[in-house]
Amino acid sequence: MAKRKTAPTPKRANADKRTPKSDVRTYTILDYRLEKPNFTLRQIRVGEEVRYEVESGDLSAPVPPLRESKYLSKQQLIEIYRWMLLNRRMESALESLYKQSKVVGGVYFGLGQEACSCASAYALQKDDWLGPMIRNQGSVLVRGFSPADIMMQYMAKAGSPTKGRDASSHFGDHEQRNVVSPISTLGDLIPVLAGVALGARLQGKNIAVMTYIGDGGQSTGVTYEGLNFAAVQDLGLVLIVENNLWAYSTPSDMQFRVKDLAERAIAYGIPGVIVDGTDACQVYDACRIACERARQGEGPTLIEAKMMRMKGHAIHDAAEYVPKRLFEYWRKRDPIVRLENYLVSKKKWLTADANQKLIVEVEQQLEADREIAVNSPMPTPESAAPGAYCEDGCHEIKPKYAMPKVRGGKNIALTSSDAVVHLK
Ligand SMILES: Cc1ncc(C[n+]2csc(CCOP(=O)(O)OP(=O)(O)O)c2C)c(N)n1
Ligand SMILES: [Mg+2]
């Protein structure tokens, strides 16, 4: 049989030119991890449904130890552990409240991400600012909101930080706690926090401003714009990229092509760091260094925290598309269990009794806060108007209760007398 002629391989433009050594650039991404899980997933279809299976990767790898913190004292690490416990117990209380139909709207969980939220916010100082997202209720607790505040918020109670105007985590505190309210549009908090750092700079001080973005949300254009702005202005932004492997039902390897999201830092010209997001010590140390850099006016840091979203996107999502074996793998890396073992068995910084006492105290605190939240009244209709634009009543907005202006898809023209906002 005649041999088929193969077409000559096209010559690559620069194939003959050796790259001179001086043109080779190398970059460093600091990686704090003591293990580097590397799973690939295969998409499968079951009828109409799309699911995933683990295709490769060692699911039986032993759980690594926690990395020793360079900075945390025994007392500080126990405090972080307590915040993480409070974070988790509060979210399970919220789940029960939801099942009792007491929650208005949905509930988002940070299960498996407590070390990332609590240990990062713990690295902030009083003058620094925080911009939490939905999975960061732990950060919000560390920053001084009580579990009652958060539970009232989810139940839209009158006593909640937004006085019942929002039914999830859109609340902040610009006066005392330096917390910017989360913005649902993913990525939008990043330029806002960069702006906070710029504002502080204009007032003569460099501060650390910390916010979070997911593996999905980091694909947005505004993430690039915000972080690039912070980079060129040397603003003290600490951006924690929460790579929890899923964005809704999209696995992270369908979201980006780079191996590690920390590599994105190279393109911004800023330091990039990888931490195991289930190891509170690693999270804290990386955040502490990033915050110090920020306060020195040295600019932003991108920290990629690798972990796993241990529930569905929100309470309505049973996460059927996630391979069960992946859940099992990460369950063994539960951030609270790992820290508990470290404190009790490895370091012996907590006796079994002291640990039990601490857990009981957290539960008692939570029960007391749950009572406050459940017993808080719902807001009155009249309370919707005051304080919408300012707290002190310097703008008067008269409530007007009437029929809706739009009915059956038909617009009813507004007249000037319909205007109900009176500004002084
Ligand atoms: C700009 C924008 N696009 C889409 C959405 C809808 N949305 C809300 S959460 C979410 C998934 C986010 O995934 P990820 O960023 O990985 O965060 P995670 O939920 O895993 O913490 C999407 C697509 C949104 N809020 N904003
Ligand atoms: Mg995600």
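As the structure is a prediction and not an experimental result, all values here were calculated from the model.
- Side-chain atoms of S169 and Y154 include no donor-acceptor pair closer than 3.5 Å.
- Checked against R51 for a salt bridge (charged side-chain N to carboxylate O under 4.0 Å, His left out), the options E49, E53, E48 give a single hit: E49.
- The local environment of CZ in F39 is crowded, with over 12 non-hydrogen atoms from other residues, nucleotides or ligands closer than 6.0 Å.
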Task: Criterion side chain to side chain contact (heavy atoms under 4.5 Å, CB included) on L261 and F256, from CA distance to verdict - done: CA-CA 8 Å; L261 282 169; F256 52 85; 3.5 Å; yes
- [ ] Evaluate the criterion ring pair (Phe, Tyr, Trp, His ring centres under 6.0 Å) for residue pair W246 and Y52; output intermediate values, then yes/no.
- [x] CA-CA 11 Å; W246 299 91; Y52 296 88; 5.6 Å; yes
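- Tested against R88 for a salt bridge (charged side-chain N to carboxylate O under 4.0 Å, His left out), the candidates E114, E340, E363, E95 yield a single pass: E114.
- Both cation-pi conditions hold for R177 and F145: the charged atom is under 6.0 angstrom from the six-membered ring centre and inside a 45 degree cone around its axis.
- Using the six-membered ring where Trp is involved, Y342 and W349 have ring planes that are perpendicular, over 60° apart on the 30 and 60° scheme.
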TODO: Test side chain to side chain contact (heavy atoms under 4.5 Å, CB included) on E68 and K347 and set out the steps.
DONE: CA-CA 10 Å; E68 293 277 312; K347 293 298 239 185; 2.9 Å; yes
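- Judged by the 6.0 Å distance and 45° axis criteria, R333 is positioned over the aromatic ring of Y329.
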Open item on the list: As a quick check of understanding, evaluate side chain to side chain contact (heavy atoms under 4.5 Å, CB included) for D260 and I29, giving each step before the final call.
Closed with: CA-CA 9 Å; D260 301 301; I29 296 291; 5.8 Å; no
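- Side-chain contact between T278 and D334: absent, with no pair of heavy atoms (C-beta onward) separated by less than 4.5 Å.
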- [ ] Just do the side-chain hydrogen bond (donor to acceptor under 3.5 Å, both in side chains) check on Q137 and S117 with the steps written out, would you?
- [x] CA-CA 7 Å; Q137 297 313 304; S117 291; over 6 Å; no
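- Tested against L227 for a side-chain contact (heavy atoms from CB on, under 4.5 Å), the candidates I270, V232, I213 yield a single pass: I270.
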